[in-house]
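The shown structure was predicted, so the numbers you read here are calculated from the model rather than taken from an experiment. Throughout, a chain's letter reflects where its sequence line sits, starting with A, and its residues are numbered from 1.
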Amino acid sequence: MPELPEVETIRRALDDRLVGRRVVRAILHRRDMLILPGDPPGGFSRSNTEAKPKRFTRGRLLQDARIERTLRHGKQLAIAGDDGRTVCVHLGMSGQLLLVQPDDGGESLGHVHAEWAFDDGTRLLFRDPRRFGGLWSFPSVEDLRRARWDGLGPDGLSLTARQCSRALAATHRPVKGVLLDQSRIAGVGNIYADEALFASGIRPTRPGDSIAKGEASALAREIRAVLRRAIRAGGSSLRDHRTPFGDPGSFQLSHKVYGRAGAPCGRCRTTLKGERLAQRATVFCPACQH
DNA sequence: CTTATGACCTGATAGC
DNA sequence: TGCTATCAGGTCATAA
């Protein structure tokens with residue numbers, strides 16, 4: 001579920017609370033949720049989870065490190081220790097990172113696959129019921145970048161007109177498909193793709209190479225704007241998204257098209273159209289978007 | 001190269 | 001109450 005704004009909301013909270021703290025205990029409850037360098041990229045096997053040596057696990061999870069900084073690129077988050085060790089977190093569809101205090105019982109939560117205890121008593125839980133997400137461990141931020149982030153497109157939050165135009169001009173695919181392709185533009189998912197296309201008056205089905213420079217520029221501006229506004233609202237909470245403190249975001253209240261097929265367009269009252277594009281539910285205004 | 005499809009998982013919801 | 005089908009914010013492998 002989490003797209004860039006949800007991940008950034010989580011990153012900011014973790015940055016506030018964890019930088020400077022020392023990891024006094026790291027526990028991996030499900031080994032197959034941690035992917036190590038050398039594991040097959042992305043397609044690690046869920047079945048041979050018992051084949052990997054367990055003794056390295058805690059070191060891989062920042063045990064004894066002091067948290068130095070947090071990073072994000074697109075929908076991926078990373079926590080880096082003062083010795084360089086870095087854990088990358090991808091939340092998939094249902095992943096959450098939750099901060100719990102000794103007195104509030106986060107114990108009742110299911111699907112907690114990893115947890116970290118800090119020197120001030122705070123615990124960070126990684127839970128992910130659907131297990132589409134995962135943790136990746138690296139000896140340094142540089143290794144993380146090389147292995148995972150170099151393959152991603154420019155981050156949506158700072159997407160320039162030129163970058164947007166370049167991504168679109170290179171392909172004949174539908175523009176929505178390009179926005180969802182993390183190797184082209186990083187961080188935009190199904191919600192914000194539809195919202196940004198509506199805001200810029202572009203039909204999701206338009207081939208990328210049919211988008212004029214001026215349109216691409218407007219699209220880049222609307223992508224940045226919608227992501228920025230969503231971050232300010234703490235993200236969209238349709239179901240699972242929570243800040244690390246357990247609070248939902250509120251940007252779902254500001255969605256103009258996502259989830260509103262059949263309802264009137266807020267700008268022209270035409271009935272919003274819902275269809276399936278790039279295998280995803282897609283909503284647009286047939287009158288406002290060309 | 002592109003596009004479509006199914007797979008990976010669980011849980012919520014709607015309909016019977 | 002319970003069964004089944006459908007759907008979900010994401011990606012990956014495979015095939016056409």
Side-chain angles (χ1 to χ4, degrees), chain A residues 1-10 30 32-33 35 39-49 72-77 88-97 109-113 126-136 147-149 151-153 156 167-196 204-210 226-227 230-231 233-243 248-255 257-262 274-283:
Chain A
M1 43 103 130
E3 305 181 30
L4 186 153
E6 291 73 37
V7 177
E8 178 63 12
T9 297
I10 291 164
R30 255 198 94 107
D32 59 355
M33 295 302 285
I35 299 88
D39 287 346
F44 64 98
S45 169
R46 301 276 196 199
S47 53
N48 71 349
T49 55
R72 181 192 58 73
H73 190 86
K75 303 171 188 173
Q76 300 187 41
L77 176 68
C88 174
V89 185
H90 195 306
L91 297 172
M93 286 281 264
S94 59
Q96 297 176 325
L97 287 166
L109 290 172
H111 305 289
V112 173
H113 307 311
F126 170 55
R127 69 186 299 259
D128 182 8
R130 293 178 73 176
R131 279 183 276 133
F132 288 174
L135 305 173
W136 285 257
R148 291 187 62 77
W149 289 3
L152 298 174
L168 293 174
T171 181
H172 200 247
R173 296 159 69 190
V175 56
K176 170 152 180 185
V178 182
L179 297 190
L180 294 179
D181 182 344
Q182 301 301 296
S183 74
R184 304 286 170 175
I185 294 166
V188 178
N190 205 35
I191 294 176
Y192 302 106
D194 279 9
E195 293 297 318
T205 46
R206 286 269 301 282
D209 58 8
S210 78
V226 72
L227 295 176
I231 292 167
S236 301
S237 291
L238 301 178
R239 167 161 291 146
D240 300 318
H241 168 63
R242 293 292 181 275
T243 71
S250 62
F251 197 69
Q252 67 280 3
L253 303 174
S254 303
H255 293 171
V257 286
Y258 180 87
R260 299 195 63 243
E275 62 184 50
R276 202 109 190 136
L277 177 60
Q279 294 78 248
R280 315 299 302 276
T282 298
V283 186

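Of the charged side-chain nitrogens involved, none lies within less than 4.0 Å of a carboxylate oxygen, so that A:Asp194 and A:Arg280 do not count as a salt-bridged pair.
Look at A:Gln279 and you won't find any side-chain N or O under 4.0 angstrom from OP1 or OP2 of B:dT3. The shortest distance between the side-chain N/O atoms of A:Ser94 and the OP1/OP2 oxygens of C:dG9 is not below 4.0 Å. At least one side-chain nitrogen or oxygen of A:His90 sits closer than 4.0 Å to the OP1 or OP2 atom of C:dT11. Contact between the side-chain N/O atoms of A:Lys75 and the OP1/OP2 oxygens of C:dG10 is found at a separation under 4.0 Å. Listed pair A:His172 / B:dT3 fails the phosphate criterion, with no side-chain N or O lying under 4.0 Å from OP1 or OP2. Contact annotation: A:Arg239 does not reach the phosphate of C:dG9 (side-chain N/O to OP1 or OP2, under 4.0 Å).
A donor-acceptor contact under 3.5 Å is formed by the side chain of A:Arg130 with the base of C:dA8.
Using a 4.0 Å heavy-atom distance criterion, A:Pro174 is classed as a sugar-phosphate-only contact. A:Arg276 comes within 4.0 angstrom of sugar-phosphate atoms only, judged by non-hydrogen atoms across all strands, and of no base.
Stretches of at least 3 consecutive Watson-Crick or G-U wobble pairs, with each checked distance under 3.5 Å, appear in DNA chain C as B:2-8 with C:10-16, B:10-16 with C:2-8.
Aromatic stacking is not marked for A:Phe132 over B:dC9, as the cut-offs of 5.5 Å for the centres and 30° for the planes do not both hold.
Closest approach to the A:Arg280 side chain among B:dT2, B:dT10, C:dG10 is made by C:dG10 (side chain taken as heavy atoms from C-beta onward). Comparing C:dG10, C:dG9, B:dT10 against the side chain of A:Arg131 picks out B:dT10 as the nearest.
Between the P atoms of B:dC8 and C:dC3, the separation comes to 24 Å (whole Å).
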